[in-house]
Amino acid sequence: MKNSYPIILMPDKFGYIVYIPDFNINSEGDTLTEAIEMARDAIGIIGIDMEDNDESLPSPTAISKVKTDSAADIVTLVDVDFAEYRRKNDMRTVKKNCTIPSWLNFEAEKAGVNFSAILTAALKSELNIQSR
């Protein structure tokens, strides 16, 4: 499920404190962009945790209803796709069967090669994935 939640970005001497009223949580970031990313991440983490505990996600508050304490505060929306967030952050492993030549298997086992680590590294390289 995808939704947009209001956040309040409060500048401080180190960057921004972020308050997410619908979840009653805080986050922070050194830059405006980082603060927004951290808010999205915080909402995603709390949201999938709530789903896993069979709790209902809060309905987003209308942005016009969000009040700030300072004129310097920024109120904006952050969109979160909880299903996509879950997919991207699911670190469970899955078993895959693959076929290699017998001679290569023999040499790899003799050398103590970790097949899963090698396959993971090769797939990341092939797909140009740098992180995770």
Side-chain angles (χ1 to χ4, degrees):
M1 178 178 82
K2 189 171 187 176
N3 227 327
S4 297
Y5 289 93
I7 64 171
I8 303 170
L9 298 150
M10 299 167 279
D12 72 1
K13 61 184 176 180
F14 301 109
Y16 293 87
I17 304 293
V18 184
Y19 178 60
I20 305 155
D22 292 324
F23 291 87
N24 195 29
I25 57 174
N26 290 303
S27 188
E28 63 182 345
D30 294 337
T31 66
L32 189 59
T33 301
E34 184 180 281
I36 292 169
E37 288 173 356
M38 295 301 288
R40 183 175 290 113
D41 194 43
I43 294 168
I45 289 168
I46 295 296
I48 63 173
D49 190 48
M50 290 175 73
E51 289 176 343
D52 290 347
N53 291 323
D54 292 325
E55 298 174 33
S56 298
L57 294 172
S59 297
T61 300
I63 198 167
S64 60
K65 302 271 188 215
V66 177
K67 305 297 179 211
T68 63
D69 293 332
S70 166
D73 294 347
I74 302 166
V75 178
T76 190
L77 294 171
V78 171
D79 66 322
V80 179
D81 184 335
F82 293 100
E84 182 68 15
Y85 187 86
R86 183 180 296 278
R87 274 191 298 279
K88 286 185 175 181
N89 292 284
D90 186 355
M91 299 306 285
R92 292 176 296 165
T93 58
V94 294
K95 185 174 178 124
K96 301 300 284 183
N97 292 327
C98 64
T99 304
I100 61 172
S102 179
W103 67 267
L104 187 57
N105 181 62
F106 176 79
E107 294 296 331
E109 284 182 349
K110 186 170 75 173
V113 168
N114 179 329
F115 286 85
S116 295
I118 296 292
L119 180 57
T120 299
L123 286 170
K124 283 181 172 182
S125 175
E126 180 70 21
L127 298 170
N128 294 317
I129 296 172
Q130 305 297 320
S131 62
R132 296 175 44 136

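Evaluation of the side chain to side chain donor-acceptor pair (under 3.5 Å) rule for Asp22 yields Thr61 as partners, not counting sequence neighbours. Residues satisfying the side chain to side chain donor-acceptor pair (under 3.5 Å) test with Asn114, not counting sequence neighbours, are none. In this structure, Glu34 has no side chain to side chain donor-acceptor pair (under 3.5 Å) partners at least two apart in sequence or on a different chain.
A perpendicular orientation is assigned to the rings of Phe82 and Tyr5, their planes being inclined by more than 60° (bins at 30° and 60°).
In terms of hydrophobic clustering, with Ile, Leu, Val, Met, Phe, Trp and Tyr side chains grouped at heavy-atom distances under 4.5 Å, Val80 and Leu32 are assigned to a common cluster. Note on Leu9: it does not cluster hydrophobically with Ile63, by side-chain heavy-atom contacts below 4.5 Å among ILVMFWY residues. Hydrophobic cluster membership is shared by Ile7 and Ile46, with clusters built from Ile, Leu, Val, Met, Phe, Trp and Tyr side chains linked at under 4.5 angstrom. Taking hydrophobic clusters as Ile, Leu, Val, Met, Phe, Trp and Tyr residues chained together by side-chain heavy-atom distances below 4.5 Å, Ile36 does not share a cluster with Val75. Cluster annotation: Ile74 is connected to Ile25 through the hydrophobic network of ILVMFWY side chains, with a link wherever side-chain heavy atoms come within less than 4.5 Å.
Exactly one of Asn26, Asn24, Asp73 qualifies for a side-chain hydrogen bond (donor to acceptor under 3.5 Å, both in side chains) with Tyr19. That residue is Asn24.
Between Ile17 and Glu28, the closest heavy-atom pair is CD1-OE1, 4.2 Å. The two atoms that bring Met50 and Ser56 nearest to each other are CE-O, 3.1 Å, heavy atoms only. The two atoms that bring Ser4 and Pro60 nearest to each other are O-CB, 3.1 Å, heavy atoms only.
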Q) Please walk me through it: do Leu57 and Met1 pass side-chain contact (heavy atoms from CB on, under 4.5 Å)? A) CA-CA 10 Å; Leu57 294 172; Met1 178 178 82; 3.4 Å; yes
Q.
Using salt bridge (charged side-chain N to carboxylate O under 4.0 Å, His left out), reason through Arg86 and Asp52 one step at a time and then give a plain yes or no.
A. CA-CA 11 Å; Arg86 183 180 296 278; Asp52 290 347; 3.0 Å; yes
Q | Worked check of side-chain contact (heavy atoms from CB on, under 4.5 Å) between Asp79 and Arg40 | A | CA-CA 7 Å; Asp79 66 322; Arg40 183 175 290 113; 2.9 Å; yes
Q: Carefully, step by step, assess Glu84 and Arg87 under the rule salt bridge (charged side-chain N to carboxylate O under 4.0 Å, His left out).
A: CA-CA 5 Å; Glu84 182 68 15; Arg87 274 191 298 279; 2.7 Å; yes
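A distance of 7.5 Å separates CG of Asp49 from CD of Glu55, quoted to the nearest 0.5 Å. One distance of note links CG of Asp81 with CG of Asn3; it measures 10.0 Å at 0.5 Å rounding.
With contacts defined as side-chain heavy-atom distances shorter than 4.5 Å, the pair Phe115/Asn105 qualifies. Using a 4.5 Å heavy-atom cutoff, the side chains of Lys65 and Pro6 are not in contact.
A donor and an acceptor atom, one from each side chain of Tyr16 and Asp30, are nowhere located under 3.5 Å apart.
Without hydrogens or angle criteria, Ser125 side chain to Ala121 main chain gives no donor-acceptor distance under 3.5 Å.
Heavy-atom neighbours of Asn53 CG from other residues, nucleotides or ligands within 6.0 Å: above the threshold of 12.
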